[in-house]
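To start, the structure itself, in structure tokens.
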Amino acid sequence: HDEAAETWEQVLSIDPSFFPALNALEELQQRRQNYRAQVDVIARKLEFSEDLADRRELRFRAARIYEDKLDDALEAIAQYRQVGEELADDLDALTALDRLYEKQENWRELIEVIDQRAGLAQSVSARAELMFRAAQVTANEEGETQRAIERLGRVVELAPAHPPTLAALEAFAADGEALDAVMRILEPLYRASRNFGGLAALYEKRLRADAIDPTQKRSDAQVLAQLYETGRGDVAQAFGVWARLFAEEPESAEIQAELERIADLRGDFAPLVDLYSEKLADIVDIERARELAGKVALIYEDALANFEAAARRYEKVLEYGGNEREPLAALERIYERTANWAVLCDVLAKEAHAAPSSEEQADYLFRAGDVRERHMNDMQAAVASYREALERVPRHRAARSALERLMANATERAAIVEVLEPVYEADQNFVGMVDLLAVKLSLQDVPGERAAIHQRIAEICERHLGDNVRALDAGADDFLMKPL
């Protein structure tokens, strides 16, 4: 073999480009397994080979020898790169470089080669797979998450339904720092595909992020609640989102309005009243707390028909101070509806005290009297209430009529006369005054007092009614009662 090799070298010394000699020499070195000498011969062939196809075959052969026989990956890479320079976009060379760079853990060069392979891929699926792989190498080997996400975004643009890419993006979404970048890619995709579950999961992740801006958090929560309600038809989940916001902003009227709307939509107010009741103690602003307590009371009254609980809550509203008229009106409504007459009268008395005008005060006091008369059969208390009404407004027609009607009650007749007498006199109701004095006369046993009453009747009949006959009768009665 040595002699043969020497012979061929002598030939080549005469003509270095004599290919039969070069071929024979290469074959000889291959049989001798002298691979270093073989690749040297291939290099000499390359000096004189001009055909690109031949040069490609030579470099591939040299690269395989370097890789498989000489364990020289770097020289193998150099050969394949030369193929790429001479024959751009050679897929076989790129595939070989892909393998070698991965084996060498040369990630930067590997990504570049994968990108080249992706650009040459004939099908969308093949290109997507290569682009996805480049993104994986970028993330896993180079640790560049943002660049990897950008690459995955380009995969989504090419193949929106590529499962590994979507799974990778969703995995990145667990990283709070990467979440916004992921959402910019996935949100339009999920909206277009009506994947409201996936979209809701993204917003849930962002809402749980510690560093989220409060304004952004409110906006995201609104979007999430809408996704649950209109996208997925899950109003319970939508209520839960607003409840979380309410826990952080219990004084927000906007949040309360949404909670109340959804509760009404669900026809279930129990969770809402529990939520409001739990947060009442946390509200610093007294007026806001009072307003929320009023809402709790109204829900118990109207939505839950729990009048006992509603009354307790309205009493709580009164404890906050401020305008008493609305909670008192509600208590009046509840106690009348539940026929709790004694407590209703107490409330009416408070309403009278809170009313700004004498007319309104008189109306409340009259109502208290009416309740005591009609529902409690407490005529003494009823007369007292009517008396108070007339003290505010002497011409209160309803109170006067009630007392006139109760004149038939012998027990309360004297008290009624005492109330109506100054009222009639101030009103110059002389006819009524005479009738009233007649009743008063029937109640009087003392002769001197009876005589005075007769005298007053006679005087009124003569001076104000022009009824001399009746005046004379009253005077005669007065005369007969005087001692001789």
Side-chain angles (χ1 to χ4, degrees), residues 67 73 77 80-81 84 88-212 220 223-224 227-228 231-232 234 237:
E67 182 179 1
I77 288 170
Y80 287 127
R81 289 184 66 89
D89 302 334
D90 188 293
L91 284 174
D92 293 334
L94 291 172
T95 302
L97 285 169
D98 185 321
R99 183 186 68 254
L100 287 165
Y101 283 139
E102 184 169 22
K103 186 177 180 180
Q104 292 294 111
E105 299 184 356
N106 189 339
W107 309 121
R108 185 69 63 183
E109 297 295 340
L110 175 60
I111 292 169
E112 184 180 330
V113 167
I114 296 173
D115 286 342
Q116 287 181 268
R117 291 184 64 196
L120 297 173
Q122 297 299 305
S123 68
V124 170
S125 60
R127 186 177 301 126
E129 284 295 333
L130 287 164
M131 292 171 67
F132 170 71
R133 184 163 162 248
Q136 280 190 308
V137 174
T138 301
N140 298 337
E141 308 303 341
E142 295 209 299
E144 296 187 15
T145 301
Q146 291 298 328
R147 285 186 57 220
I149 291 172
E150 291 170 8
R151 284 179 170 276
L152 291 172
R154 290 194 286 272
V155 179
V156 168
E157 292 174 3
L158 176 68
H162 189 251
T165 296
L166 298 182
L169 285 168
E170 288 172 353
F172 279 128
D175 179 358
E177 294 183 0
L179 181 57
D180 285 346
V182 172
M183 287 188 70
R184 284 193 291 272
I185 297 168
L186 289 182
E187 182 168 4
L189 176 65
Y190 284 169
R191 286 193 181 279
S193 62
R194 301 183 65 79
N195 181 359
F196 298 118
L199 193 53
L202 290 175
Y203 274 95
E204 287 282 13
K205 287 184 176 69
R206 189 152 73 180
L207 277 177
R208 293 191 182 98
D210 294 333
I212 187 171
D220 284 354
V223 173
L224 180 59
L227 284 170
Y228 280 132
R232 304 189 66 187
D234 190 341
Q237 287 277 33

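- To the nearest 0.5 Å, atoms CG (Leu130) and CG (Leu94) are separated by 10.5 Å.
- Rounding to the nearest 0.5 Å places CZ of Arg117 at 7.5 Å from CG of Leu91.
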Result block: side-chain N/O donor-acceptor pairs under 3.5 angstrom for residues 166-183, not counting sequence neighbours:
from: Glu170; atom 1: OE2; to: Tyr190; atom 2: OH; distance (Å): 2.3
from: Asp175; atom 1: OD1; to: Glu177; atom 2: N; distance (Å): 3.1
from: Asp180; atom 1: OD1; to: Arg206; atom 2: NH1; distance (Å): 3.0

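- Partner of Glu204 under the side-chain contact (heavy atoms from CB on, under 4.5 Å) criterion, chosen from Leu224, Asp220, Leu199: Leu224.
- The minimum heavy-atom distance linking Ala134 with Ile114 is given by the pair CB-CG2, 3.8 Å.
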**Request:** Begin with the C-alpha distance, continue with both residues' side-chain angles, and end with the deciding distance and a verdict on side-chain contact (heavy atoms from CB on, under 4.5 Å) for Arg147 and Glu142.
**Result:** CA-CA 10 Å; Arg147 285 186 57 220; Glu142 295 209 299; 3.7 Å; yes

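- Arg99 is listed as a side-chain neighbour of Glu67, based on a closest heavy-atom distance under 4.5 Å.
- With sequence neighbours excluded, the residues satisfying side-chain hydrogen bond (donor to acceptor under 3.5 Å, both in side chains) with Asp115 are Arg151.
- Here the CD atom belonging to Glu141 is positioned 12.0 Å from the CG atom belonging to Asn106, to the nearest 0.5 angstrom.
- Using a 4.5 Å heavy-atom cutoff, the side chains of Arg108 and Glu112 are not in contact.
- With values rounded to the nearest 0.5 angstrom, Trp107 atom CH2 is found 9.5 Å from Asn140 atom CG.
- Gln122 places a side-chain N or O within 3.5 Å of a backbone atom of Leu120 that can act as its donor or acceptor partner.
- With values rounded to the nearest 0.5 angstrom, Gln104 atom CD is found 5.0 Å from Ile77 atom CD1.
- The closest side-chain heavy-atom distance from Arg133 to Leu110 is below 4.5 Å.
- By the 4.5 Å heavy-atom criterion applied to side chains, Leu227 and Arg191 are counted as neighbours.
- With rounding to the nearest 0.5 Å, the separation of OG1 in Thr138 from CD1 in Ile149 is 11.5 Å.
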